[in-house]
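Notes to accompany the following structure.
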Amino acid sequence: MNNFYLEILHVDKHSKARYGYLHTPHGKVEFPMFMPVGTLATVKGLSPEELKEVGAGVILANTYHLSLRPGEDIVYKAGGLHKFMNYDGPILTDSGGFQVFSLAEKRKITEEGVTFKNHLNGAKRFFSPEIAIEIEEKLGADIIMSLDECVHYPADYEYMKNSVERTLRWAKRGKDAHKREDQALFGIVQGGEFADLRKYCAEELVKMDFPGYSIGGTSIGEPKDVMFQMIRNSTPYLPFDKPRYLMGVGSVDAILEGVQEGVDMFDCVLPTRIARHGALMTSTGRVNIRDKQYEEDFTPLDSNCDCYCCKNYTKAYLRHLYKCEEMFGKRLLSIHNIRFLIHLMEEIRKAIQEDRFLEFKEEFLKKFNNSKGF
RNA sequence: GGAAGAAUAGCGAAGUGGCCAAACGCAGCUGACUGUAAAUCAGUUCCCAACGGGUUCGGUGGUUCAAAUCCGCCUUCUUCCA
């Protein structure tokens with residue numbers, strides 16, 4: 001496919017951070033990028049117009065969840081995900097590999113695939129690498145993931161080794177099954193905390209020649225330094241000219257760490273989920289808006305933020321909305337958190353182009369870690 | 001004027017002789033959340049120099065080894081009858 005490629009415009013002189021455009025069938029987007037998650041074909045609380053306003057490019061949707069509701073055939077009949085959800089930017093679908101982890105007690109893995117007892121009514125649903133691809137083709141995202149096993153942490157070496165071998169076989173099967181020319185299928189690097197397995201998995205995937213590579217099995221409860229090591233054990237084996245996507249990572253320090261190691265794409269439910277729960281990312285650290293200290297605070301959430309929420313509303317008002325469980329509050333806070341991360345990426349991109357990424361990282365973390373981080 | 005019933009922690013509400021500093025819900029205060037089973041989950045909320053101690057269940061006086069729980073009186077509220 002020639003309408004999907006990475007256009008690298010600059011590499012930071014003092015790190016592996018890269019800047020450029022990712023070209024997709026639904027337009028080009030700058031990287032490094034943060035991709036908001038819209039599991040059920042909606043980024044919870046935000047309209048497509050609001051997503052544009054906060055600067056979102058790629059957004060995610062989920063194969064497992066959409067295949068259960070409304071069902072991939074409905075989305076297909078609607079004209080695909082873009083039309084169905086009225087989003088004309090690039091969309092990425094996760095394969096269901098994360099649900100192998102998050103719904104661990106409701107599934108069984110075999111060589112053939114994964115059988116889920118779904119979380120809605122317990123009905124069995126079988127996912128093979130081929131079925132995942134078939135569903136993803138019907139959903140019609142620009143970027144799709146092969147079915148993998150997101151392995152729990154910690155896992156012993158033997159388990160991880162077998163799992164990586166199987167994930168590699170699944171990647172191959174998915175690739176063979178994938179027919180749509182207008183979708184980029186990514187392979188996923190697993191291997192947990194084991195350096196040799198990460199390397200092996202990356203190298204084997206590269207042999208299969210995917211248009212992009214994901215790093216999975218991160219941010220599932222492992223310590224930060226372990227996560228950082230997982231990244232460093234993966235990126236060196238991935239081709240320079242293909243996008244690297246660190247899955248499920250959305251904490252500020254981890255994003256900065258990933259960018260430094262040459263990661264181009266990040267996604268995470270963190271900003272939207274914690275926003276709904278009243279926790280906000282600000283340039284000076286974490287804010288729990290429900291806290292009493294904001295009761296009479298008539299200043300913006302983050303004076304350095306240019307989002308609709310920060311430009312128009314005070315902490316006292318946001319606290320009030322939160323405590324009254326008004327949905328507008330959750331929307332405003334979600335808008336802020338997503339804008340915060342996307343704005344962070346904008347600043348990162350600027351810093352990379354000016355070869356001062358490392359200084360930027362240090363300064364940003366210094367301010368951010370003054371209070372509680374994530 | 002008479003009759004019946006009720007008063008429990010910020011609110012609602014269990015408990016009706018010892019296992020009660022008192023269930024539970026709400027409100028309050030605080031944490032957590034990372035390819036979304038999440039508008040969720042967890043902790044905490046009488047006072048204190050606190051792995052112990054001190055005061056509580058409308059008020060007051062009793063009964064009892066022991067009372068939120070039983071008895072007398074008082075106060076307030078609700079309903080019904082006049």
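Per chain, numbering begins at 1; letters A, B, ... match sequence-line order.
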Gap between atoms [atom1] and [atom2], on [X] and [N] respectively (whole Å):
X	N	atom1	atom2	result
A/L270	B/rA38	CG	P	16 Å
A/L139	B/rG35	CG	P	19 Å
A/D94	B/rU34	CG	C1'	13 Å
A/I289	B/rC29	CD1	C1'	15 Å
A/D291	B/rC29	CG	C1'	9 Å
A/F101	B/rG35	CZ	P	9 Å
A/F328	B/rA39	CZ	C1'	16 Å
A/Y64	B/rU36	OH	C1'	12 Å

Expected output: side-chain A/D148 to main-chain A/T167 donor-acceptor under 3.5 Å: no

Ignoring backbone atoms, test whether [X] places a side-chain nitrogen or oxygen under 4.0 Å from the OP1 or OP2 oxygen of [N].
X	N	result
A/Q99	B/rG35	no
A/R319	B/rC29	yes
A/N288	B/rA32	yes
A/R331	B/rA39	no
A/R273	B/rA32	no

Sole residue of A/D297, A/D291, A/D302 in side-chain hydrogen bond (donor to acceptor under 3.5 Å, both in side chains) with A/K315: A/D297

Criterion side-chain hydrogen bond (donor to acceptor under 3.5 Å, both in side chains) against A/R18, the qualifying member of A/D12, A/D241, A/D264: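 Running side-chain hydrogen bond (donor to acceptor under 3.5 Å, both in side chains) over A/D12, A/D241, A/D264 with A/R18 returns exactly one hit, A/D264.
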
A/H119 and A/H65 aromatic ring geometry - parallel, tilted or perpendicular at 30°/60° bounds: perpendicular

Geometric class of the A/H152/A/Y159 ring pair [parallel <30°, tilted 30-60°, perpendicular >60°]: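 A/Y159 and A/H152: tilted rings.
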
If the [atom1] atom of [N] is compared with that of [M], how far apart are they to the nearest Å?
N	M	atom1	value
B/rG59	B/rC77	C1'	15 Å
B/rC57	B/rC80	P	32 Å
B/rC24	B/rU79	P	32 Å
B/rA82	B/rC11	C1'	36 Å
B/rU78	B/rG12	P	14 Å
B/rA9	B/rC20	C1'	13 Å
B/rU36	B/rA32	C1'	16 Å

Short N-O contact, A/E347 and A/K367, less than 4.0 angstrom: no

Nearest-nucleotide comparison on RNA chain B, the residue closer to the 5′ end among A/V37 and A/I274: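 Closest to the 5' end, via its nearest nucleotide, is A/I274.
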
Contact nearer the 5' end of RNA chain B, comparing A/E149 with A/Q293: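 Comparing both residues, the 5'-ward one is A/Q293.
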
For [X], answer base if it contacts any base atom (sugar-phosphate contacts may also be present), sugar-phosphate if it contacts only those atoms, and nothing otherwise; contact means non-hydrogen atoms under 4.0 Å.
X	answer
A/E295	nothing
A/G96	nothing
A/L60	sugar-phosphate
A/N62	sugar-phosphate
A/A279	base

Counting side-chain heavy atoms from CB outward, which of [options] is closest to [X]?
X	options	result
A/K44	B/rU36, B/rA37, B/rA32	B/rU36
A/T272	B/rA32, B/rC29, B/rU36	B/rU36
A/K323	B/rA37, B/rG28, B/rG35	B/rG28
A/R286	B/rG35, B/rC33, B/rC29	B/rC33
A/S251	B/rA37, B/rA32, B/rU34	B/rU34
A/S95	B/rU30, B/rA37, B/rG35	B/rG35

Interface with RNA chain B, restricted to residues 218-246 of chain A and to heavy atoms under 4.0 Å: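 Nucleic-acid contacts, sorted: A/S219, A/K224.
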
Results of ring-ring contact (aromatic ring centres under 6.0 Å, His included) for A/F101 - residues two or more places apart only: A/F98

Check: A/Y21/A/Y5 side-chain N/O donor and acceptor closer than 3.5 Å: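 Note: A/Y21 and A/Y5 side chains miss the donor-acceptor criterion.
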
Strand partner of B/rA4, provided both Watson-Crick or wobble distances fall under 3.5 Å: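 B/rA4 is paired, partner B/rU78.
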
Any N/O donor-acceptor pair, A/R290 side-chain to B/rG28 base, under 3.5 Å: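 Per atom types, no contact qualifies.
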
Matching residue for A/R166 among A/E112, A/E149, A/E111 - test: salt bridge (charged side-chain N to carboxylate O under 4.0 Å, His left out): A/E149

pi-stack flag for A/H277 and B/rU40, centroid dist under 5.5 Å, interplanar under 30°: yes

Ring center gap for A/F84 and A/Y76 short of 6.0 angstrom: no

